[in-house]
Undergrad: 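A single structure is presented below for examination.
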Amino acid sequence: MSEPLVIVGNGMAAARLVDELAKVALGRYAIAVIGDEPRLAYNRVLLSSVLAGETASHDIELRPASWWRDRGVTLKYGCVATEIDVGRRELKIAGDESIAFSKLVLATGSTPLRLNVPGAELAGVHTFRDSRDVDLLLTLAARRKRVVVVGGGLLGLEAAYGLAKAGAPVTLVHLMDRLMERQLDAPAAELLKSLVERKGIEILLNANTARIHGETEVEGVELADGRRIDADAVIFAAGIRPNVALAKEAGISVNRGIVVDDHLQTGAADVFAIGECAEHRGICYGLVEPAYEQARVLAQHLAGRAAGYRGSVVATNLKVSGVSVFSAGDFMGADGSEAIVLKDLRRGAYKKLMISAGRLTGAVLVGDVGDALWYLELIRDRKPIAGIRADMMFGRSLALQTEAA
Amino acid sequence: MTAVDPTRSLSSGRAPRGPVGAIRTTCAYCGVGCGVLATPDGRGGAAISGDPEHPANFGRLCSKGSALGETLGLEDRLLYPMIRCSKGTMEQVAWSDALDHVASRFAHIVKRDGPGAVAFYLSGQLLTEDYYVANKLMKGFIGSANVDTNSRLCMSSSVAGQRRAFGADTVPGCYEDLEQADLLVLVGSNAAWCHPVLYQRMLANKQKRGARMVVIDPRRTDTAGDAELFLGLKPGTDTALFSGLLVHLADNGALDPDYIERYTGGFDEALARARSIAGSVGATALATGLSEQDVADFFRIFAATPRVVTLYSQGVNQSAQGTDKVNAIINCHLATGRIGKPGASPFSLTGQPNAMGGREVGGLANQLAAHMRFTPPDIDRVRRFWKASRIATHEGLKAVQMFEAIARGEIKALWVIGTNPAVSLPDADAARAALKKLELFVVSENVRSNDTVNAGAHVLLPAQAWGEKSGTVTNSERRISRQRAFLEPAGEARPDWWIVSEVAKRLGFGAAFDFNSAADIFREHAALSAFENSGGRDFDIGALQSLSDQAFDALTPVQWPTRQDNSQPQPRFFANGGFFSSDFKARFIAPEIPALRTETTAGRPLRLNTGRIRDQWHTMTRSGLSPRLGQHLPEPFVEVHPDDALKFGVTDGSFARVTTDHGQCTLKVVVSERQQRGMLFAPIHWSEATATGSRVGALVAPFTDPFSGQPENKATPASITPYEYVFRGFALSRTPLALPDHAWWARVAVPGGHGYLLADNADLAGWQSWLRSVAGDDLAEYKDFGGGVYRAAYFASDRIEACLFIGPAQDAGDWNVVKQLFAADRLDDEQRRMLLSGKSTDGLASAGPIVCACFGVGRTTICDSIAGGAHTPAEIGAKLKAGTNCGSCIPELKRLIAQVGSTDPEQRQLAAAN
């Protein structure tokens, strides 16, 4: 008789966990997936493509309904989980239904932050998180509404690009002196800025949003330095907050995210957390790859195999059409590390590789990201690179050809 | 300008046309004198091919000749007269002003200090007509014999030797002898590289008729590769070898007693001297450092082969005993009667296209004119012929002594025409410094800048270059050929004869210099050769003294003498005596005991030999413009024997400082067994204009031969020490670059622009700021300062404008790959992406350094072909065409075959790496 395994959240982490479990523990668990979004799990990363009109909404679904069915998964989407009863091993769902579990996995994801500024409650202030947001933004764009996107990180850039592509005049305001400051160094950020500007997006740096003007609806954004931007809508894309309420109320240990150990287990026995809601060794990852890695490890663990998650070397990929950005590892360079830099602004290319103690420790790539995964592999594997140092900037095939010669 | 200039029109020099609109002319380079077909493209260039009808080459050209079309650009040309103004800068002036200035300054100095205070320094590049006019002006009208030429550095020992032996500067044989000989002895001649077309004729003889080949040289050159016997003798011991040979011939019944008796004098003294120098095979071996076996073999082969031609070149001539060496060789030919007979003669291979023409007009300080000397009857005869107002009555100063007199302030005015003495003279730094002392320093040149121009010339006069000028040249076998114009003159460039004549007119000698054309001058030159010449002078072209202008233009190659009595041209001399001495006999010469002028010491333990490389010519002002020619050996280098390399701590591919008592150079090291222990070899071609610290002339001792005045360029005591450069690299640019002062560089022409090979010790940040200071906006950079690498390129649209690759000694990037990308008109995105890797990308394997310059075939390609089964040069040629034109790379192909085909992996690696 299969053990009931309940997954809260119907996002990318959940889908991957089901996939992994099907590989290593097929039939061992009777899986139920509870999700509040009213549709099948989809690739959230591609939402900006949908916004940009480059991908159709239905094309981003991760798996068809039949796939879930074939794996015996009970899918409950459009359902909000309201409470965990850790002691009785029950999950309550809005509508007073409750589901018993022997194992519970929280994959609740995160929520965009809304800035606490005057006017943040006005109609026309949105976030960009799920497919419902996309529908709304598409409506704005179709009506040629002037949009201010607040936040020059990955999410903000993708939203801004999507909106611009969809036809809205977009201004992106960013608090810091460069875009994606947590992933890019100054030259990369500068190049990125010029490439994004070429897409017709106005970018304001050192732009601290002070208030949002409007009676009932958004009319404009005022910055701390007094600049004012007329706008019909504002999109907050200035960070995310892990969704921890459910766990917190159940008395499960929560810090910024839901605290998990190397088996992805929370403070409560048989309750696990993966993805953006989890906090592992003090880190909440906001990217899909760690979530996938966590799903893989958790599946192993749930299958009774020895497996542990020891954290991810994170890589950031921004891929808006014609602008590719990749960043991984210690991209700014700790003391004692050296930089190798290739810069060809006319090609829209900037590459920086950080080397420390004869190993690749970080990489920033703009424009020319063909070898991003190879660099990531080198960073993760901590392989000595002395033999390929002279060629690695120009890609794996050249470096390996030289190494072989 | 008021004077009529008949040469502005091409019509005078153009006929006759060869096939399909081509114009027949003669190559600008060596003394072989190959016929060239030039087909102008109407845009200032021309297609070049060998003239199948020219008897020097029958259609063949060497790598240099084939690339002549790449040297016709105007980028470096001097286009108008310039005078140094009071501010010190050179300013453009009108021709009439420049000529007035030169004439009045010359007149002033001659009036004040006498004719000995002025001098002309001429060139074997000049046409006979140019030479004639300059010689006539100085010797007949200014009244000094201070006319010398760079030929002094080239073959003046042969002139002196022939004059001592034959009574005249007569080349007794002709090129056909090379095809009819059964034994070819090459002494101090790397003909495979320096006279490739003649060398191919010799090889053909070897292949078709089985002629044997002996090569005598301290260096195992590519010429030695085809020899059945290579004698790597000690430097300066040629006289010992040929003395030993004379003794051997005498002691083994190999003499021609009849010839000696009837046609010669001085044999007994010469033989006695030879016995005292090298009286036996053993003594010869001891004196020359050769094995007794090798010496005996050579003597035996020589004695047994009646048809023998001994060819000699700078290895013999460039010596403080060069004249004696020439005579030691000639002695052996006279003693066996092997002279002027089919396939049997001594044969001097001259270096320059018109060294022989210069000798004919007397353009040397120790000749008067037309093979006449400073004897009272000759002086009188020439005076009457020229109606000379003030004829020189004694010899002038020869090149090295001329520059010493300039340094002492005795010569105050110098006119350099068509040569670069600041580079090419021995002790070249001293020669260059001397030029700065001149009161008047005039240079007639093709180029705007070279070391001589930059040594402080006061007046620059733009001369017509090859392809523009028209007249005659004479090759090594006494054959006069026309150089014809096929291009419009560049800017205001004029023929040298016109420039000199205009100055002569301004000096008041108008009547004697009223020439309207090169043909005018040639007729006078021919008339002088025949003037009161009833066969007593060898040089007689009286049959040509009445040529019409049209006939001059149509003149086909003709050997002298061609006397007025219409007798047939005479291909050979002296088979039956008839020497040009007072008793019509040849003279055996008893040479001095062979010894080099200098000793090595603990501080200067090595000897520096100098010479040419295959694909460059002189100071590279012409050949340096050809990208094809730049590919073979692009950097100035010094070759060292492996044992010496070990001993002195230098390694192949690194740098070394070579120091002599006269100067210092920094050169790339090539470690090679081709070099003898104790000897260094460095090529002469690089100058301040083409490289840093690589003026090899500055190293050479200025000691000269007592008879010929030719310097000993091939045995200067020297030391070598390693010199480290942390960084190496290269730059490529569409326009010339002014590189930072701290860098060592060598410039080389590349397709599409200028290449620079670099070495440096300064930090990379300096290179980055330098590059940024010259670069445009569209810049791509690769920077790994920690790894010692900086590479950058800047673009104009999709074309590379310039790029710079600097890196650790062995890892600066692949010059051949980047050069190929630089040559392209546009790079696609992928090429641009990979450019700064400096490496060949997929499917675009680097061909390696070019071996075959004619067809641009690289070493890697050749090695691959060998590995793929090509085991002979012919098979490689069939596959890749390499070696099938001039053939001068065939020795290198053979070396590669030996190395790649070798079972020793180290050898194979060497072939791939070198």
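Values reported hereafter were calculated over all heavy atoms of this structure, with side chains retained and with hydrogens, waters and symmetry mates removed. Here is the naming used below: chain letters follow the sequence lines, and residue numbers restart at 1 for every chain.
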Undergrad: Let me know if B:R833 has heavy atoms under 4.5 Å from chain A in its side chain, its backbone, both or neither.
TA: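 Both the backbone and the side chain of B:R833 come within 4.5 Å of chain A.
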Undergrad: Can you tell me which of B:S837, B:A793, B:G786, B:P808 forms the most heavy-atom pairs within a distance under 4.5 Å of chain A?
TA: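 Greatest number of close heavy-atom pairs with chain A: B:S837.
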Undergrad: Do the side chains of B:Y782 and A:M393 get nearer than 4.5 Å, heavy atoms only?
TA: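 In short, these two side chains touch, coming nearer than 4.5 Å.
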Undergrad: Answer whether the closest heavy-atom distance between the side chains of B:R832 and A:R346 falls below 4.5 Å.
TA: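 Yes, their side chains come closer than 4.5 Å.
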Undergrad: Taking everything shown except A:D225 itself, do over 12 heavy atoms lie less than 6.0 Å from its CG?
TA: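 More than 12 within 6.0 Å, yes.
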Undergrad: Counting heavy-atom pairs under 4.5 Å with chain B, which one of A:K351, A:R347, A:R389, A:K343 comes out on top?
TA: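 The candidate making the most pairs under 4.5 Å is A:R347.
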Undergrad: Check whether B:D778 gets within reach of chain A through its side chain, its backbone, both or neither, counting any heavy atom under 4.5 Å.
TA: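 Contact with chain A involves the side chain of B:D778 alone.
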Undergrad: Return the CD to CG distance between B:E781 and A:D344, rounded to the nearest 0.5 Å.
TA: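 Interatomic distance, B:E781 CD to A:D344 CG, rounded to 0.5 Å: 10.0 Å.
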Undergrad: Give a yes or no on whether B:D777 atom CG has more than 12 heavy-atom contacts from other residues, nucleotides or ligands under 6.0 Å away.
TA: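 Counting other residues, nucleotides and ligands, CG of B:D777 stays at 12 neighbours or fewer.
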Undergrad: Just give me the residue among B:G813, B:S797, B:A792 that pairs up with chain A most often, heavy atom to heavy atom, under 4.5 Å.
TA: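 It is B:S797.
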Undergrad: Do other residues, nucleotides or ligands put more than 12 heavy atoms under 6.0 Å from A:R380 CZ?
TA: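 For A:R380, atom CZ is crowded (more than 12 foreign heavy atoms under 6.0 Å).
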Undergrad: Which value, rounded to the nearest 0.5 Å, describes the distance between B:D784 atom CG and A:L353 atom CG?
TA: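 B:D784 atom CG to A:L353 atom CG measures 9.0 Å (nearest 0.5 Å).
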Undergrad: Under 4.5 Å from any heavy atom of chain A, what part of B:L779 do you find: side chain, backbone, both or neither?
TA: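 When you check distances to chain A, only backbone atoms of B:L779 fall under 4.5 Å.
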Undergrad: What residues of residues 169-192 of chain A make heavy-atom contacts with chain B at a cutoff under 4.5 angstrom?
TA: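 The stretch does not come within 4.5 Å of chain B.
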Undergrad: Does anything in residues 334-342 of chain A get under 4.5 Å of chain B by heavy atoms, and if so which residues?
TA: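 Expected list: A:E338, A:A339, A:I340, A:V341, A:L342.
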